[in-house]
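Step one of this worksheet: look at the structure below.
In what follows, chains are A, B, ... by sequence order, proteins preceding strands, each numbered from 1. This is a predicted model, so every value here is computed, not measured. Basis for what follows: all heavy atoms, side chains included, without hydrogens, waters or symmetry-related copies.
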2 protein chains.
Amino acid sequence: MGRRRPGTPTLEEVAAHARVGRGTVSRVINNAAGVKDSTRRAVQQAIEELGYVPNLAARSLAGRRADAVALVMTEPDWRQFAEPFFSEIVSSLGNALTDTGMQLLLTLVRSDTERQRFLEYARGGRVDGVLLMSVHAGDPLPDMLADARLPTVLLGRRSGEEYVSYVDADNIGGARSAVSHLAQRGRRVIATITGPLDLYAAQCRLRGYEEALKLAGLKGEPTLVAESDFTTDSGRRAMAELLERHPDIDGVLAASDTTAAGALEALRAAGRRVPEDVAVIGFDDFPLAQQTEPRLTTVRQPIEEIGRAMIRLLLEEMEEGAVAWRHVILRTELVVRDST
Amino acid sequence: MGRRRPGTPTLEEVAAHARVGRGTVSRVINNAAGVKDSTRRAVQQAIEELGYVPNLAARSLAGRRADAVALVMTEPDWRQFAEPFFSEIVSSLGNALTDTGMQLLLTLVRSDTERQRFLEYARGGRVDGVLLMSVHAGDPLPDMLADARLPTVLLGRRSGEEYVSYVDADNIGGARSAVSHLAQRGRRVIATITGPLDLYAAQCRLRGYEEALKLAGLKGEPTLVAESDFTTDSGRRAMAELLERHPDIDGVLAASDTTAAGALEALRAAGRRVPEDVAVIGFDDFPLAQQTEPRLTTVRQPIEEIGRAMIRLLLEEMEEGAVAWRHVILRTELVVRDST
DNA sequence: CTCACGGACGGGAGCGCTCCCAATCCTTGG
DNA sequence: CCAAGGATTGGGAGCGCTCCCGTCCGTGAG
């Protein structure tokens, strides 16, 4: 396959055109110090005139870096692709990356073939580091990346025993404070709609729910727990199911705002008033949470900070060569609105 | 910044270890012909033992290709990120790319800075070609890419006068056949919920709607047209608005299945039966269309084929160096279900 | 006027791979 | 048994850039 692009001018040609040496042009391009102002201008003009664009492959080869990081989504995430969480995270990563000059590359890993290809890509040095979206329990990719000594940061963790670097929110604490809040408002039959339980984050939120029930001296029953997959639809279904099992429910913690939105619909359909009959709390604090009727009380995840923290950890690992793992757990915050 | 990864073995070292020449190892890696079987095995073993991974920067520099293509989403698309269309397209592109050995890289361009950075990335030779998601009217990126002589293929076009290569569905024909179908079933007051009209595709669907009305001898009124942004919510709102303006509406063409789903909700809320009182047609034929109540009659876009066609065009341009523009318009198909 | 010193600048030495031609090795046919 | 011809193989010549060291020039002190 002949994929060559037509002859772009090279550094050398720019140098000749500006009547300076190769090194000087390189210095100008990377705006390093130690170039007289007049020279710099001359070089810049030559670059302009020739329409020079640095060849990144050559730079990468000589400089031993790629100036790019990958954000990988593995198959199970893919179904969450449509959820706001995803686009919010991508945005925050993009923001955090802007002044490093690195490109953010999203890649999809849906099969073994694709995983293999991505590994070759990453190990081949096309990215300096890898960010992984919410990894699921058995995902082998993080370890493969760690084995390849590629700087890697997970969003969330696969279990309590995670060694690869990660940034996570305090899901247990968030869920606990939400449920405590419900209990304080006098709710006595509190149900929860969890996320997919192969996600550690979903497990943690469930644990926080259980802990808070115990603390409040309320009884927890398995029938008060329904699983969803974070979609509005599954939230609606789960809520309907819960209502059928426990018509006396007066409080619900949903695993995400999207799920909570579905729960609200189901409650409305069942003729329950929110918050009078049933109080509802979401999780995440997406913009969505302020558009529901009533506006949603929810547990805020600091998404912007999560993105910043991930990039910071990644840069640190790149700096020192992935010799240590760092874990950051960010505090969550209960945002009280009209649904409780 | 020191982003160097620890010393991976090089081709040369593999060659030494297998007691062959550099060229032979290269041949084995790229599994080119002309290597004795015994030699090939020896080399493969050496690769295995040393854990060799080819350095892609070097390959890229020497081979003048990147073995990667970018899929760019510009800001206005970003809001559609959450729509199923997007993930379906990405999937189909991924499928179409599997046996070319190229990596698919999604990149986000949300600002001028990011556009500039992406251009440097692409012009710097880090990708062999660029795919652009549904471009909006004034988007300058396609032309910038064309100027840089980068193989580029758009999904959809910006106007009827598009020169850059693109793959599009026959939106006019699809809308026309949908509305004709409504007319044949005896509907007389047919409204439409369009997509964002700065998208040419949305304009085309509107045009098809108008043409079909004329053909059926029905009157078209501006008040029968409402604009949406492809979301379920906006579909619901648009439908409510239309019903208010024309309580006698008996047929609706929505700009997408998502919008149609919103319309269905609004109709239900208004106490209209579908299809008895009002017939509804969607556009796209997403899985969603079979989950609504009633199941949606819709205009099918051949997404898998769109993906395949985009990749095919891109490969052709890469092959011959972007000397010609190709346009492919794929036929759409009316899928009749229960909503008409 | 001479000498030391520091800021600018030039260009050699790779980075690790692909391309390609020349050299070498085997076969096969006479 | 020998030569011709195809199958294999080795390795030189880059690809375009960064790194870094040595040179050159101007300046101020002696």
Side-chain angles (χ1 to χ4, degrees), chain A residues 1-43 46-47 50-67 101 120-121 123-126, chain B residues 1-43 46-47 50-67 101 120 123-126 128:
Chain A
M1 258 181 264
R3 286 172 215 155
R4 49 222 62 191
R5 295 213 302 116
T8 330
T10 72
L11 235 205
E12 198 104 31
E13 285 164 16
V14 174
H17 193 267
R19 304 174 179 289
V20 298
R22 204 171 1 92
T24 303
V25 179
S26 174
R27 255 161 256 151
V28 171
I29 290 173
N30 300 294
N31 55 70
V35 181
K36 223 190 311 180
D37 251 20
S38 56
T39 317
R40 185 181 298 272
R41 268 193 300 276
V43 171
I47 290 176
L50 268 48
Y52 169 74
V53 181
N55 177 316
L56 297 184
R59 171 177 291 175
S60 205
L61 178 57
R64 288 126 183 290
R65 66 215 161 75
D67 286 317
E120 271 167 35
Y121 187 83
R123 306 216 310 154
R126 300 294 291 250
Chain B
M1 256 181 268
R3 290 176 211 151
R4 48 223 60 189
R5 297 212 304 117
T8 331
T10 72
L11 235 205
E12 198 106 29
E13 285 164 15
V14 174
H17 194 267
R19 306 173 174 290
V20 297
R22 203 170 1 94
T24 304
V25 178
S26 174
R27 257 160 255 150
V28 171
I29 290 173
N30 300 293
N31 56 73
V35 181
K36 221 190 312 179
D37 252 21
S38 55
T39 317
R40 185 180 297 272
R41 269 193 299 277
V43 172
I47 290 176
L50 267 48
Y52 170 74
V53 181
N55 178 316
L56 297 184
R59 171 176 293 174
S60 206
L61 179 57
R64 290 126 183 289
R65 64 214 161 76
D67 287 317
E120 271 167 36
R123 305 216 310 155
R126 299 293 293 251
D128 297 316

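At whole-Å resolution of the value, CG in A:D37 and C1' in C:dA8 are 13 Å apart. Rounding to whole angstrom units, CZ of residue B:R126 and C1' of D:dG16 are separated by 14 Å. A:N30 places its CG atom 17 Å from the P atom of D:dG16, with the value rounded to the nearest Å. Atom CZ in B:R65 sits roughly 10 Å away from atom C1' in C:dC17 (whole-Å rounding).
Summarising the geometry of A:R59 relative to A:N30, their closest heavy-atom pair is NH2-OD1, 3.7 Å, with the distance given to 0.1 Å.
Remark: A:A58 engages A:N55, B:L61 in a side-chain contact (heavy atoms from CB on, under 4.5 Å) (not counting sequence neighbours). B:A62 is linked by a side-chain contact (heavy atoms from CB on, under 4.5 Å) to nothing, counting only residues two or more places apart in sequence or in another chain.
Expressed to the nearest 0.5 Å, how far CZ of B:R40 lies from CG of B:N31 amounts to 6.0 Å. Note that CD of A:E120 is 12.5 Å distant from CZ of A:R126, once rounded to the nearest 0.5 Å.
Taking side-chain N and O atoms only, B:S26 has a distance below 4.0 Å to OP1 or OP2 of C:dT18.
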Any chance you could list the contact pattern along nucleotides 5-15 of chain D? Use B for base contacts, S for sugar-phosphate-only contacts and - for none, protein heavy atoms under 4.0 Å, 5' to 3'. ---SBBBBBBB
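Each of A:I29, A:L11, A:V53 was evaluated against A:I47; a single residue qualifies, A:I29, per the side chain to side chain contact (heavy atoms under 4.5 Å, CB included) test.
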